[in-house]
Amino acid sequence: MKTHTITKDARLTALHDLAILDSNSSTYFDALTRLTADLFGLPNAYISLIDSDRQWLKSPIDAGQRSGYSCSARELSFCTYTIQRPEVMVIEDASMDERFKHHPMVTGPSQIRFYAGAPLVTATGHAIGALCITDSQPRQLDEAQRIQLKGLANLAMAHISLRRAVGHIDPVSGLPNQSQLLEDLVAVSSIAAGEERLLAYIDIPDAASASEIAAALGASACDELVNAVTQQLRLLFSGKANLYHITTTRFAVLSTDSATVELISCLYSLDQMLHEPLRKMPVPLNLSVRGGIVVFTAGPDAATEAPRKALSAVNQARLVQQDWLVYNARDDQLSQRSFHLLNDVQTAIRDDALYMVYQPKHDLRTGLCHSAEALLRWDHPELGPISPAEFIPLIERTAFIRPLTDWVIRTAMRQLRDWNLSDPGMRIAINLSPRNFEEEDLCERLQAACKDFGIDPYLVDIECTEGIWMESARCLQTLYEIRAMGMGIALDDFGSGYSNFSYLQKVPANFVKLDQSLIRHVHRSEYDQRIVQSLIKLAKELGYTVIAEGVETEEALALIRTWGCDGAQGYFFAKPLTPLSFKQCRNQYVQRKM
């Protein structure tokens, strides 16, 4: 009789690729084992899957067994012998069989005497388990019954193969997909409740790199890349964990036991291999790898919380440029807070939950205030006041930046109109994001707002943080168009970052605002004094109007006035004010000057 000659590693790979270990009991398998037990008139029937070190039982018809039960001593199991032969294996009386008469299932409470098993064989000839029937009494199985049991095993195998192909397998990589991962997490929560498991998300490469590869080598190269990465990951994780392909360039690893510390060490040790060039591509590619790891307790929330936490960890790893990052509750809370804010910002814009305050800008030559910087504020109904330094960078990365910018522009210009009804000549400065200057219709929207509120563009200054982004052709064109409209352009936070005077020659700015970090302690620091004095002198020589931010003391004000600074704003004059407070404060200041 011919026996299976397929290697152990190949058989285990075939089993793991089917992604049915640690899975929920299937209603189909339940029905099939019930039918099998009824047809043979026996109390016990089950599907057995043979892993490297354990036997998994699926859909057992036996009150003493549970679906997903695993036996670590699988070397002694009946099914270990069954998968070594192509035909049905029958043991009429296990107590008389030298291989099994001392087996715990024979000598123990189960008292198994009769066993018959038909191997579950894949289309490629890999025996992954068996459909089994047992009884506590010795029995025989005739040829017709053997054929019947084998036919039922073929039905079970056909269902396993179909399940793999439909909805649970990624068509490019051939790996179990996200749907399968979620099912397996649900199953783990039931089978191994209370035990520790590990889930890791691996981005290889990142989405940006994949887009660059597609642009350079063609769309089909992305599929080749996925297949090459899949082969590499199979080699790395075979026998260690279940592997999944959940998005184009994101893979997942789910541990099969509670040895999470060992698997984390394994993940870290893979860095060198994961970073090795992929030589199966048209050109060798060095791919960036980012991994997020979460250790979780199997339970009711695992299927939703574990993927969310793994996603939080891999996103944080990308932000801080680390290869691997273990989930951190604090980072997760910040991530959830950011999501909460982004989710609410559209409602805040619609319901006018945002508001503007205005900080006076003083002319140091006359001592008068004829200008204000419009500053955005948000009092969240649940989280309270949110710093612009927190929510604006979040919004800048989304499509919300456009409607938010329009709201800021129109709110500021409406206020300027109201002020100019009683105080003609008032100016306003509006902060825009670098993203806004990539928008082709920004100037049209600024012009429309001026027209709607009867504002002379000359009375409006656009403030933007100076930086290398200004060197793009689109941004430069927009900046020149804004200046052509008559609006001013102020480079905000100057001296804190890029601050390259050579590129300033390309930018049509007419204001330079010295960063408050340089001004706040200038009266106490000789070093800061030399820097600020030099910046003011050079900016003035280049034709800029210089404004100092963060003026908080009379000593600092005296110094920058001596050095020729043109304007100033800061707490020495006033904090950002509501429109009414701004008007009252300005009137009081003007009266004092008079």
Taking every non-hydrogen atom, the tightest pair across Asp30 and Ile61:
O-CD1, 4.2 Å
From OG1 (Thr134) to CD1 (Ile112), nearest 0.5 Å
4.5 Å
Heavy-atom side-chain contact between Val289 and Asp203 under 4.5 Å:
no
Once rounded to the nearest 0.5 Å, what's the spacing between atom CG of Asn242 and atom CG of Leu181?
9.5 Å
Assess the pair Tyr327 and Phe296: is the distance between their ring centroids shorter than 6.0 Å?
no
Minimum-distance pair of heavy atoms, taken over all atoms of Asn177 and Asp170
CB-N, 4.0 Å
Heavy-atom check, side chain of Thr122 versus side chain of Met157, under 4.5 Å
yes
So does Asp135 pair up with Arg113, basic N to acidic O under 4.0 Å?
no
Indicate the ring-plane relationship of His245 and Phe251, choosing parallel, tilted or perpendicular according to the 30° and 60° boundaries.
parallel
Check: Thr33/Thr36 side-chain N/O donor and acceptor closer than 3.5 Å:
no
Please lay out, stage by stage, how Leu198 and Leu254 fare under the test side chain to side chain contact (heavy atoms under 4.5 Å, CB included).
CA-CA 6 Å; Leu198 179 147; Leu254 178 62; over 6 Å; no
Output yes when a side-chain donor or acceptor of Arg474 lies under 3.5 Å from a complementary backbone atom of Glu439, and no otherwise.
no
Hey, does Ile83 have a side-chain heavy atom less than 4.5 Å from the side chain of Ile128?
no
Heavy atoms only: give me the nearest Ala241-Leu263 pair and the separation to one decimal.
CB-CD2, 4.2 Å
Are any of the side-chain heavy atoms of Val326 and Val295 separated by less than 4.5 Å?
no
Do the non-hydrogen side-chain atoms of Ile246 and Tyr201 ever get within less than 4.5 Å of each other?
yes
Could you work out, with salt bridge (Lys or Arg N to Asp or Glu O under 4.0 Å) as the rule, every residue matching Asp332, not counting sequence neighbours?
Arg308
Under 4.5 Å between any side-chain heavy atoms of Gln137 and Phe114, yes or no?
no
Taking the side chain from Ser110 and the backbone from Val106, do they hold a donor-acceptor pair closer than 3.5 Å?
no
Of the non-hydrogen atoms in Cys79 and Ala130, which two are nearest, and what is the gap between them?
SG-CB, 4.2 Å
Using a strict threshold of under 4.0 Å (side-chain N to carboxylate O), is an ion pair present between Glu262 and Lys240?
no
Examine the side chains of Ser59 and Tyr28 and answer whether a donor and an acceptor come within less than 3.5 Å of each other.
no
From CA spacing to verdict: side-chain hydrogen bond (donor to acceptor under 3.5 Å, both in side chains), Asp184, Gln180
CA-CA 6 Å; Asp184 289 353; Gln180 185 62 55; 2.7 Å; yes
Can you tell if the side chain of Leu376 reaches within under 4.5 Å of the side chain of Pro388, non-hydrogen atoms only?
no
Which is it for Val314 and Leu325 under the side chain to side chain contact (heavy atoms under 4.5 Å, CB included) test, yes or no, and what are the steps along the way?
CA-CA 7 Å; Val314 77; Leu325 198 70; over 6 Å; no
For the pair Arg318 (side chain) and Gly291 (backbone), establish whether a donor and an acceptor sit closer than 3.5 Å, ignoring hydrogens and angles.
no
Are there more than 12 heavy atoms of other residues, nucleotides or ligands under 6.0 Å from atom CD of Gln346?
no
Which pair of non-hydrogen atoms, one from Tyr115 and one from Thr82, has the smallest distance, and what is that distance?
OH-OG1, 2.8 Å
Could you label the plane-to-plane angle of the Phe78 and His103 rings as parallel, tilted or perpendicular, counting under 30° as parallel and over 60° as perpendicular?
parallel
Apply side-chain hydrogen bond (donor to acceptor under 3.5 Å, both in side chains) to the pair Thr260 and Glu196, showing each step before the final yes or no.
CA-CA 7 Å; Thr260 55; Glu196 274 196 349; 3.2 Å; yes
Check the side chains of Arg290 and Gln321 for a donor-acceptor pair under 3.5 angstrom, ignoring hydrogens and angles.
yes
Would you name the heavy atoms of Lys101 and Thr107 that are closest together and state the gap between them?
O-CG2, 3.3 Å
Under a 3.5 Å threshold, yes or no: a donor from one side chain and an acceptor from the other, between Ser433 and Glu396?
yes
To the nearest 0.5 Å, what is the distance between OG on Ser136 and CG on Asn44?
7.5 Å
Counting heavy atoms not belonging to Arg337, are there more than 12 under 6.0 Å from its CZ?
yes
Roughly how far apart are Asn343 CG and Ser338 OG, rounded to 0.5 Å?
12.0 Å
Output, in order, the C-alpha distance, side-chain angles, deciding distance and verdict of side chain to side chain contact (heavy atoms under 4.5 Å, CB included) for Trp378 and Leu383.
CA-CA 10 Å; Trp378 184 9; Leu383 303 176; over 6 Å; no
Can you measure from CG (Asn436) to OG1 (Thr405) and round to the nearest 0.5 angstrom?
3.5 Å
Can you list the steps and then say if Arg250 with Leu311 is a side chain to side chain contact (heavy atoms under 4.5 Å, CB included)?
CA-CA 10 Å; Arg250 177 167 292 159; Leu311 179 61; 3.0 Å; yes
Do Gln55 and Asp51 have side-chain atoms, one donor and one acceptor, less than 3.5 Å apart?
no
Looking just at side-chain N and O atoms, do Asp323 and Tyr268 make a donor-acceptor pair shorter than 3.5 Å?
no
Side chain of Gln145, backbone of Asp142: donor and acceptor closer than 3.5 Å?
yes
So CZ of Arg435 and CG of Leu404: to nearest 0.5 Å the spacing works out to 11.5 Å
Is the shortest distance from a Lys or Arg side-chain nitrogen in Glu87 or Lys150 to a carboxylate oxygen in the other one below 4.0 Å?
yes
Note, Tyr244 side chain near Val253 side chain (heavy atom, < 4.5 Å):
no
